[in-house]
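The chains referred to below are lettered A, B, ... by the order of the sequence lines, with proteins before strands, and numbering in each begins at 1. Note that this is a predicted model, so its numbers are computed, not measured.
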2 protein chains.
Amino acid sequence: MRETFGEYIKRLRTENGFTLTQLAAKLDLDSANLSKIENNKREFDERRLSLLSDVFDLDLAKLRTEFFSDIIAKKIYENNCDEETLVLAEEKVAYLKSKNPITI
Amino acid sequence: MRETFGEYIKRLRTENGFTLTQLAAKLDLDSANLSKIENNKREFDERRLSLLSDVFDLDLAKLRTEFFSDIIAKKIYENNCDEETLVLAEEKVAYLKSKNPITI
DNA sequence: ATTAGACTTGTCAATTTTTGACAAAGTTAA
DNA sequence: TTAACTTTGTCAAAAATTGACAAGTCTAAT
């Protein structure tokens, strides 16, 4: 998706006609801090993802994908990581999965 | 690379015949904590990457790639992120790059 | 031009997370 | 058994993140 997680929240909010104060209340958040989140000056707390999915009736799994991909993208961007980084990361994920027993 | 960053350090260390205490001293680290790093119970501090590249005469850029890919892989693994996450992350990196002025 | 509502930014104490340091216990080989 | 090496547990100190509030900007309506 061609937007950050903050921009995504802002779009959801405005498209649904909420003010910062209104959405912040639903997310149990200070409106000033929600503003920072929307403008990529703070991170959204993972523990609020389910609240967010409730408010906008979104699929939580998709929201999580959106959320974690954002964290990863920011890390890569901020640290000027080269293109190989994600390829290597994918290999390492496979390695970790093969290495560790599947948790039931 | 089919190993975690911790395992990579451990391999470098043993292949070069160092004890934990010896390498820890070179990295300005407590040997008990280095042990934890090697066994994936603690994170290696990014600020020690250049020391590490000095000790084993490694290319710092490659080491950084190794390091950050590890962080990302762990995040994905720990949070059971789906396969799409990295694809999305890549798109978002491109978005962030297009969005922000190139810093000189 | 003033007001009201919406949004942004700055600050900082409080909470949370990570780290450094040390003790103690486990492992291995002479 | 020693001794050297490694692992694990704990916890205070340091660092990072968060919640809360004040103060600011911006816009639209009157």
Inset, instruction - State plainly whether the residues B:Glu46 and B:Arg64 are in salt-bridge range, i.e. N to O under 4.0 Å. - result: yes
Inset, instruction - Starting at atom CD of A:Glu7, determine the distance to atom P of C:dC7, rounded to an integer number of angstrom. - result: 16 Å
Inset, instruction - Indicate yes or no: does B:Glu3 engage B:Arg11 in a salt bridge with an N to O separation below 4.0 Å. - result: yes
Legend entry - Selection: residues 34-56 of chain A, any non-hydrogen atom under 4.0 Å of DNA chain D: A:Lys36, A:Arg42, A:Arg48
Inset, instruction - Taking all non-hydrogen atoms of both residues into account, name the closest pair between B:Lys75 and B:Cys81 and its distance. - result: O-SG, 4.4 Å
Inset, instruction - Answer yes or no: is there an ion pair linking A:Glu7 with B:Lys92, defined by an N-O contact shorter than 4.0 Å? - result: no
Inset, instruction - Can you tell me the distance, in whole Å, between the CD atom of A:Gln22 and the C1' atom of C:dC7? - result: 13 Å
Legend entry - Whole angstrom value for the distance that separates P of C:dT17 from CD1 of B:Ile71: 18 Å
Legend entry - Whole angstrom value for the distance that separates C1' of D:dA22 from CG of A:Asn33: 13 Å
Inset, instruction - Calculate the interatomic distance between A:Asp28 atom CG and D:dA20 atom C1'; express it in whole Å. - result: 12 Å
Legend entry - Spacing of A:Leu27 atom CG relative to D:dT18 atom P, expressed in whole Å: 14 Å
Inset, instruction - Would you mind reading off the distance between A:Leu29 atom CG and D:dA20 atom P, rounded to a whole angstrom? - result: 9 Å
Legend entry - A:Lys26 NZ: over 12 foreign heavy atoms closer than 6.0 Å: no
Legend entry - Between C:dA6 (P) and A:Leu23 (CG): distance, integer Å: 13 Å
Inset, instruction - Ignoring the backbone of B:Ala32, work out which of D:dG9, C:dC7, C:dG10 is nearest its side chain. - result: D:dG9
Legend entry - Residues A:Glu38, A:Arg13: salt bridge by 4.0 Å N-O rule: yes
Inset, instruction - Compare the minimum distances between each of C:dT8, C:dC22, C:dC7 and the side chain of A:Lys10, then state the nucleotide with the smallest one. - result: C:dT8
